[in-house]
Protein chains: 2
Amino acid sequence: MDDVAIEAGVSQMTVSRVMRGTGQTSEQVRHRVEQAARKLGYVPNRLATSLRDETTPLIAVVLPTLGNRVFSEVLDGITATLSGRGLQPVFGVTEYSEATEEELVRDLLSWRPQGIILPGLEHSDATRIAIRAAGVRVVEVMDIDGDPISIAFGLSQYAAGQATARYMLTKGYRRFGYIGSQGARDLRAVKRFNGFRDAVRDSGGQILVEHVSDGPSSMIEGRRATATVLSAPDRPEAIYYSNDDLAAGGIMHCLSHGVTMPTDVALAGFNGLPFLEALPIQLTTVETPRLEMGIRAAQHLIDDHDTSEVPRVIDLGFHLIPGQTS
Amino acid sequence: MDDVAIEAGVSQMTVSRVMRGTGQTSEQVRHRVEQAARKLGYVPNRLATSLRDETTPLIAVVLPTLGNRVFSEVLDGITATLSGRGLQPVFGVTEYSEATEEELVRDLLSWRPQGIILPGLEHSDATRIAIRAAGVRVVEVMDIDGDPISIAFGLSQYAAGQATARYMLTKGYRRFGYIGSQGARDLRAVKRFNGFRDAVRDSGGQILVEHVSDGPSSMIEGRRATATVLSAPDRPEAIYYSNDDLAAGGIMHCLSHGVTMPTDVALAGFNGLPFLEALPIQLTTVETPRLEMGIRAAQHLIDDHDTSEVPRVIDLGFHLIPGQTS
DNA sequence: GTGAAAGCGCTAACAC
DNA sequence: GTGTTAGCGCTTTCAC
């Protein structure tokens, strides 16, 4: 910037004013500065601006994984909301590890972001302390079953599982299987299953088999798991999947092996991802407000508001979509 | 940091040394400083470090969209490679707009990243100038058909289209349809189609219909487009899709309407996404090294090396996967 | 309409 | 083993 100032024969201050279009500058000077800047290929240094202003245009975003469309849709909602307002996301991925999250949050906070968006309500003490110490705005997304640090935009995962079970029960199914992934690390999937299981048991139904693989969820994993579950001696009438990818894999298994849905086996998923609409048979699932969670979370961090007045939990709800698989 | 120094009764410099574990510090002092830091909830400010050191641990990443698994896989490769080495991605999405890319690149560069990763080889002059001026390392990914700014890791999109056409031609198809999306903004899809079309014409085949929708690609869009193309009076024997999502939609249309593949119509896609494996019928497609592109790009930015010695184009190749749809 | 000075938080280099 | 100094690039404040 000093170089530009010298080249244009003015002070740094004037260059600063021209670059940002603030204050008073004569047409003449403005022109000379712009020329000089272009000639020297001047690139402003936001580190300096942010250090000086004690504020950054950054929003930190923590995601469990990029391997599921669910989170890239949330991220999409966030980036779309931020981009119009000159804010930038800095993000990181935890792969469902609390320890990774802890380190990641510390790293992200050192950039002094305006705010931070976290997935879910479960975080280590160290994570909570770091966030409190940084005095940064926090929003938690996805889940509302628990105690948010400050505010959460999401849905009741437990209730979603419950609702799915109740629907299946009204359809007459009593003997269920469950297919999940990510071991027990996906805490929201665990909550959904708890809701599902509780509702089933309350009605005298039973969970015959739980098949939770350790790796990430995918259609192919769902297909394999479905083959396994359906070939078990105690074969369930209906299968609840922890998400749509797994459930779609179940559909593929059935289509490929002449298993008729829902008479041979009924299926239900979770998320209501757009690709389901393209399948030959419509999956019973629960539609979640993924984009909206991202948008609302980002908006909350942007907007001015009295923290004390805001409700701590915003339930964005869910919507059971009856399909042809149950 | 000054507060911590006062609390611990030492100088800022000592606090700095303790925090980073560098230099000499007595056990005593170290302990006092750590206590003080914890008590005051000290969070280091990387803006200051980066300004002072004239270097950041940031890698800028530009992506066309998050709506396609292809790019989240590339991003996954990048983040996985960076995270081990204390580097952080800052990213933005262009939605296939060159103007958005220009602005985004300027914004990202103002953070003084170590390097920047761009999709494809086509960028506006302003983008190129900004990058050159910033003196930042650049890697372009996905495509190698053109002139990279510095180095590109990718594959020949034109050759991939050609290879697909040649394979289809050996199978006896001569009358083709093409289904794409994103208008003409997805320049790599355009290159693939050019390769495909040229190869088809060279063999006396013909492209009967080109159906390129303006929106993003999706399975459901592919399903709809396939219905349209197959109901046209001049119905093609085979359809080439600009990617797997669209092609999978085509498969769904055929499965749902009793259209037998490949006898009634043959299909081919592009990318070799994992979900294809789960489908009831295997799609003929071209497998691309998505994760590897991300990993190699990130590694290149991390590694020390003499810029002049490095080849400018790294062809990571592709792999035609014959399926049951052609 | 323009400039000079000061300081944001941190650390390399050099005392002691 | 610890402290002092200076400066990274920018902008707020105040002077002219």
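For the numbers below, each heavy atom of this structure counts, side chains included, while hydrogens, waters and symmetry mates do not. The chains referred to below are lettered A, B, ... by the order of the sequence lines, with proteins before strands, and numbering in each begins at 1. What you are looking at is a predicted structure, and each value in this text was computed from that prediction instead of being measured.
Rounded to whole Å, atom P of D/dG7 lies 14 Å from atom CD of A/Q12. In this entry the distance linking CE of A/M19 with C1' of D/dG9 reads 13 Å, nearest Å. As rounded to whole Å, 13 Å separates atom C1' of D/dC10 from atom CH2 of B/W111. As rounded to whole Å, 11 Å separates atom C1' of D/dC10 from atom CG of A/L47.
Among A/D145, A/D186, A/D143, the single residue meeting the salt bridge (charged side-chain N to carboxylate O under 4.0 Å, His left out) criterion with A/K191 is A/D143. Checking A/I144, A/V139, A/I151 one by one against A/I314, the side-chain contact (heavy atoms from CB on, under 4.5 Å) holds for a single residue, A/I151. Under the side-chain contact (heavy atoms from CB on, under 4.5 Å) rule, B/V62 has a single partner from B/L104, B/V141, B/I117, which is B/L104.
In summary, B/D107 and A/R46 engage in a salt bridge, as defined by a charged side-chain N under 4.0 Å from a carboxylate O. Between B/E73 and B/R69 there is no salt bridge, since no side-chain nitrogen of the basic residue lies less than 4.0 Å from a carboxylate oxygen of the acidic one. Using a cutoff of 4.0 Å between basic side-chain nitrogens and carboxylate oxygens, A/R128 and A/E102 are not scored as salt-bridged.
Heavy atoms of A/R46 sit nowhere under 4.0 angstrom from any nucleic acid atom. Within the nucleic acid shown, A/Q24 comes within 4.0 Å of at least one base atom, counting heavy atoms only. Residue contacts shown for B/D53 are limited to sugar-phosphate atoms, with no base heavy atom under 4.0 Å away.
If B/E54 and B/V10 are placed on DNA chain D by their nearest nucleotide, the residue sitting closer to the 5' end is B/V10. Closest-nucleotide positions on DNA chain D for B/R17 and B/A48 were compared, and the one nearer the 5' end corresponds to B/R17.
Under the 4.5 Å side-chain criterion, counting only non-hydrogen atoms from C-beta, B/S26 is not in contact with B/R30.
Picking from D/dT4, D/dC8, D/dT11 the nucleotide with the shortest atom distance to the side chain of A/S16 gives D/dT11.
The phosphate of D/dG3 has OP1 or OP2 within less than 4.0 Å of a side-chain N or O from B/S11. The side chain of A/R52 contributes no N or O atom lying less than 4.0 Å from OP1 or OP2 of D/dG9. Side-chain nitrogen and oxygen atoms of B/S26 include none within less than 4.0 Å of the OP1 or OP2 phosphate oxygen of D/dG1.
Chain A approaches DNA chain C over the interval C/dG1 to C/dG9, counting the first and last nucleotide 5' to 3' with an atom under 4.0 Å from its heavy atoms.
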